Q: 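Before anything else, here's the structure in question.
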Amino acid sequence: MSPNFITSVIDEDLKAGRYQTIVTRFPPEPNGYLHIGHAKSICLNFGLALDYGGACNLRFDDTNPETEDPEYVLSIKKDVEWLGFKWDRELYASDYFDQLYEFALQLIKDGKAYVDSLSDEEIGAYRGTITEPGRPSPYRGRTVEENLDLFERMRKGEFPNGAHVLRAKIDLASPNMKLRDPVLYRIVHASHYRAGNKWCIYPLYDFAHPLSDAIEGVSHSLCTLEFENNRAIYDWLLENLRGKCGLPESPRPYQYEFARLNLDYTLMSKRKLLQLVQGGQVNNWDDPRMPTLSGLRRRGVTPAAIREFIKRIGVAKANSWVDAGVLEAAIRDDLNFTAPRVLAVLRPLKVVITNFPQGRDEDLEAPYWPHDVPREGSRRLPFSREIFIEQDDFAENPPKGFHRLFPGGRVRLRHAYVIRCDEVLKDASGAVTELRCSYDPDTLGKNPSDGAVKGTVHWVSAPHAVKAEFRLYDRLFTVPNPEEGESSFIEHLNPESLVCVQGLVEPSVLADAPDTRYQFERLGYFWRDPVDCGKEGLVFNRIVTLKDSWAKTEAESQQRKAESSKPALPATGHKPQTEPVLSAEQLARFNRFKSQGIGEAEARVLAREPKLEAYLLEAAKNDDIRGLASWVVNELGSAIRAGEKAVSPSQLAQLVALVKEGIITNRIAKGVLEEAIQRGADPAELVKQKGLRQLSDAADLEPIVERLIRQNPDKANALRGGRTGLMGFFVGQAMRETGGRANAEVVQRLVNQKLNDIESC
RNA sequence: UGGGGGAUCGGGUAGCGGUAGCCCGCGAGACUCUGGAUCUCGUUGCGGAGGUUCGAAUCCUCCUCCCCCAGCCA
């Protein structure tokens with residue numbers, strides 16, 4: 001897995017010894033089928049466990065009896081296995097219902113949870129809004145005994161749905177809405193597909209998820225961005241329950257959020273995918289147009305292709321949209337090396353080869369693999385007087401650059417002969433029905449004597465070809481983001497997302513294994529539909545088309561015409577930059593700082609932040625305030641704001657004095673300061689301990705610079721040639737060699753000097 | 001509007017004070033019995049404005065834009 005923000009967290013955790021080994025989990029709710037978005041999470045969680053030698057569990061987050069179904073459990077397990085992953089343990093949140101109940105009891109006893117008897121709507125109203133704080137429920141003050149009794153009776157089934165809920169007692173005024181006493185348990189008189197009728201109260205995600213993680217010893221709990229606010233509950237629960245009810249004091253799991261996958265021209269919402277299934281817009285969850293793993297599987301996409309796709313898109317925290325072309329490219333790259341090439345014709349056009357003897361058959365030898373795929377194998381390809389070629393491969397009036405057949409033109413039949421189109425037959429409506437061609441018998445395996453032909457075309461022998469249905473899939477929607485805008489996503493469905501054609505395929509495929517994936521040359525990758533093939537003849541699904549640069553150039557020339565009349569976009573106006581206005585006393589301070597020679601930017605910050613000002617004033621007691629200001633603002637600002645007292649003002653002053661005296665460089669001082677903040681040490685003391693002194697003597701630096709230039713002649717040349725960025729390279733190298741002690745200005749001077757010296761000799 | 005996140009080539013992603021890299025796409029060329037594949041070369045980018053620094057995508061300040069949160073869903 002390429003490095004990402006999660007691997008860096010893990011690296012640090014492992015290095016710091018916070019965990020012996022990592023444990024992740026893939027936590028689907030069994031209320032729908034897995035889609036390609038889940039594949040990202042699966043590859044992440046399982047991939048991390050694999051990379052770090054840890055464990056990854058499959059845990060069903062089955063806390064909502066009303067939407068979950070064992071059918072989904074089965075499909076999820078199948079999909080994860082199909083993708084190529086093995087879970088360490090198969091777990092169910094529903095198996096923890098007893099423990100979870102105990103946790104709830106503990107919270108109540110600790111006065112941290114209460115039974116609320118407000119209605120659904122009332123709870124919502126009492127919660128306030130993002131700008132107004134919530135109000136306490138009248139039931140918030142119930143005694144522990146009362147809560148215990150009520151909660152127990154909730155469990156026993158004494159109340160109807162919605163009569164009471166268990167809520168965490170956190171903070172109704174919290175700016176984080178999630179913390180305004182989140183509901184932990186609700187009454188649902190429904191039978192659970194696993195727990196049966198044992199319970200009529202069920203925990204909510206926010207309660208069950210962190211605790212399930214903790215029970216299982218998860219170290220890194222990965223979820224998507226929309227749960228960022230929920231992390232506060234996660235932490236609250238674990239901090240309040242660690243070391244209790246059998247939970248270890250430490251380590252505990254932590255939640256990290258990454259951006260979910262968005263793919264162009266499709267949908268990733270389970271709810272909306274369900275809608276498509278139920279509405280009959282697609283045939284089922286495994287319709288090959290669906291972005292579900294079962295749909296992709298049925299379409300013929302391999303697990304390796306999906307894993308490669310996920311690898312290519314990476315993991316980050318920014319919501320983004322991935323071009324559908326990336327998936328297609330991953331699929332093609334996979335199939336290119338594994339799919340034998342055969343010939344099929346989707347929309348047949350009859351060709352009679354008039355100079356080929358009637359009734360004669362030829363058996364041609366045709367390799368399965370192109371010259372650039374290092375694989376062996378071939379099949380016999382029957383050739384005869386009547387063949388079919390693709391309708392698209394003939395044009396009565398060929399556009400410029402057309403490499404295929406046209407009246408009087410020649411084309412190569414793949415693995416066979418070169419033919420010339422002599423005559424075009426049409427029906428009454430003027431549609432082309434048949435081509436009369438002649439072949440050159442001396443072109444098998446060699447070019448015609450009068451030069452090579454430009455185009456090669458696929459074909460099948462009419463008497464030998466096998467009929468087949470070809471299902472041509474295209475993107476499900478016509479717009480990149482069908483969920484955007486006023487109209488329903490249903491309106492953006494692509495009416496041509498499935499096109500079925502009856503065509504022909506060469507007979508050799510009859511001998512192949514049913515799960516063989518082919519490249520039908522010049523058309524795309526196909527395989528037999530695992531459900532419908534064989535019922536009434538052959539049925540092939542197109543997995544993905546081949547890249548088609550010809551079609552692209554055609555489409556572009558069309559588009560150019562359309563776009564030339566497009567109006568220019570209006571110029572975007574610049575919005576004014578506004579600095580926050582300073583109050584009267586801030587302004588006074590600002591002016592005072594400025595008059596002391598402090599730059600405007602720093603003065604502004606200092607004027608607005610009394611904490612920084614106080615620190616600066618203290619540091620500047622015996623020193624020049626001007627030299628200290630930027631250190632306080634730019635280097636120590638964050639630490640001072642956070643109230644860290646690691647480095648005192650006078651210590652800062654001492655350090656800066658060392659810089660002023662020329663004993664150390666800015667760079668050294670910054671490094672030391674950082675370390676001092678982290679370790680709570682005296683920076684000037686650190687300088688002394690480590691014997692840090694800047695190297696500014698040209699005599700010391702010269703040999704280093706000279707060697708660097710000799711060792712990197714190409715870079716030296718590029719720098720001479722004007723690639724000024726390379727100066728950074730040389731300075732950086734010199735810094736590395738001197739442990740950061742070199743004086744960069746001296747180094748730069750020397751580099752320039754040596755560059756000239758060496759050039760001149 | 002309170003809070004929480006985010007912004008790097010056309011799209012995706014790395015980079016953690018020292019040469020802005022990789023993948024997809026795109027463009028040109030080579031090769032080719034697939035207008036595929038392969039190979040070579042090229043292409044454009046650090047949201048904006050200031051500041052610190054010898055040196056900033058990276059540190060500091062301000063601004064802009066985008067996403068998430070007011071389910072007894074997950």
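Since this is a predicted model, take the numbers as computed values, not measurements. In what follows, every chain begins at residue 1, and chains take the letters A, B, ... in the order their sequences are listed.
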Q: Under 4.0 Å: is that the gap between some side-chain N or O of S630(A) and OP1 or OP2 of G51(B)?
A: no

Q: Under 4.0 Å between any heavy atoms, over every strand shown, what does K317(A) touch: base, sugar-phosphate, or nothing? Just pick one.
A: sugar-phosphate

Q: Measuring only the C1' atom in each nucleotide, how far is U1(B) from C59(B)? A whole number of Å is fine.
A: 31 Å

Q: Looking at every strand, decide which applies to H371(A) at a 4.0 Å heavy-atom threshold: base, sugar-phosphate, or nothing.
A: base

Q: In the structure shown, which nucleotide is the Watson-Crick or G-U wobble counterpart of A7(B), with both distances under 3.5 Å?
A: U64(B)

Q: Which of the following nucleotides, U13(B), G36(B), C54(B), is nearest to the side chain of N336(A)?
A: G36(B)

Q: Taking N and O atoms by type only, does the side chain of R412(A) place a donor or acceptor under 3.5 Å from a partner on the base of C33(B)?
A: yes

Q: Would you say whether H403(A) stacks on G35(B)? The test is a distance between ring centres of less than 5.5 Å and an angle between planes of less than 30°.
A: yes

Q: Could you check whether G725(A) gets within reach of a base, just the sugar-phosphate, or nothing at all, counting any heavy atom under 4.0 Å?
A: sugar-phosphate

Q: Is G71(B) in the syn range, within 90° of 0, or in the anti range?
A: syn

Q: Is Y205(A) stacked on the base of A74(B), meaning ring centres closer than 5.5 Å and planes within 30 degrees of each other?
A: no

Q: Please tell me if R667(A) has a side-chain N or O lying less than 4.0 Å from either OP1 or OP2 of G18(B).
A: no

Q: Which heavy atom of W631(A) sits nearest a heavy atom of A669(A), and at what distance?
A: CH2-CB, 3.5 Å

Q: Would you indicate what T129(A) reaches in the nucleic acid, counting non-hydrogen atoms under 4.0 angstrom: base, sugar-phosphate, or nothing?
A: base

Q: Suppose we call a contact any N or O donor and acceptor under 3.5 Å apart; does that hold for the side chain of Q519(A) and the base of U34(B)?
A: yes

Q: Classify the nucleic acid contact of I123(A) as base, sugar-phosphate or nothing, counting any heavy atom under 4.0 Å across all strands shown.
A: base

Q: Under 4.0 Å between a side-chain N or O of T67(A) and OP1 or OP2 of A74(B)?
A: no

Q: Once you apply the 3.5 Å cut-off to both distances, tell me the Watson-Crick or G-U wobble partner of A30(B), or none.
A: U38(B)

Q: For residues E602(A) and N634(A), is any side-chain donor paired with an opposing acceptor at under 3.5 Å?
A: yes

Q: For the pair made of NZ in K178(A) and C1' in A70(B), what is the distance, rounded to whole Å?
A: 9 Å

Q: Using a cut-off of 4.0 Å on non-hydrogen atoms, how would the nucleic acid contact of S174(A) be classed: base, sugar-phosphate, or nothing?
A: nothing

Q: Would you call R749(A)-E745(A) a salt bridge at under 4.0 Å N-O?
A: no

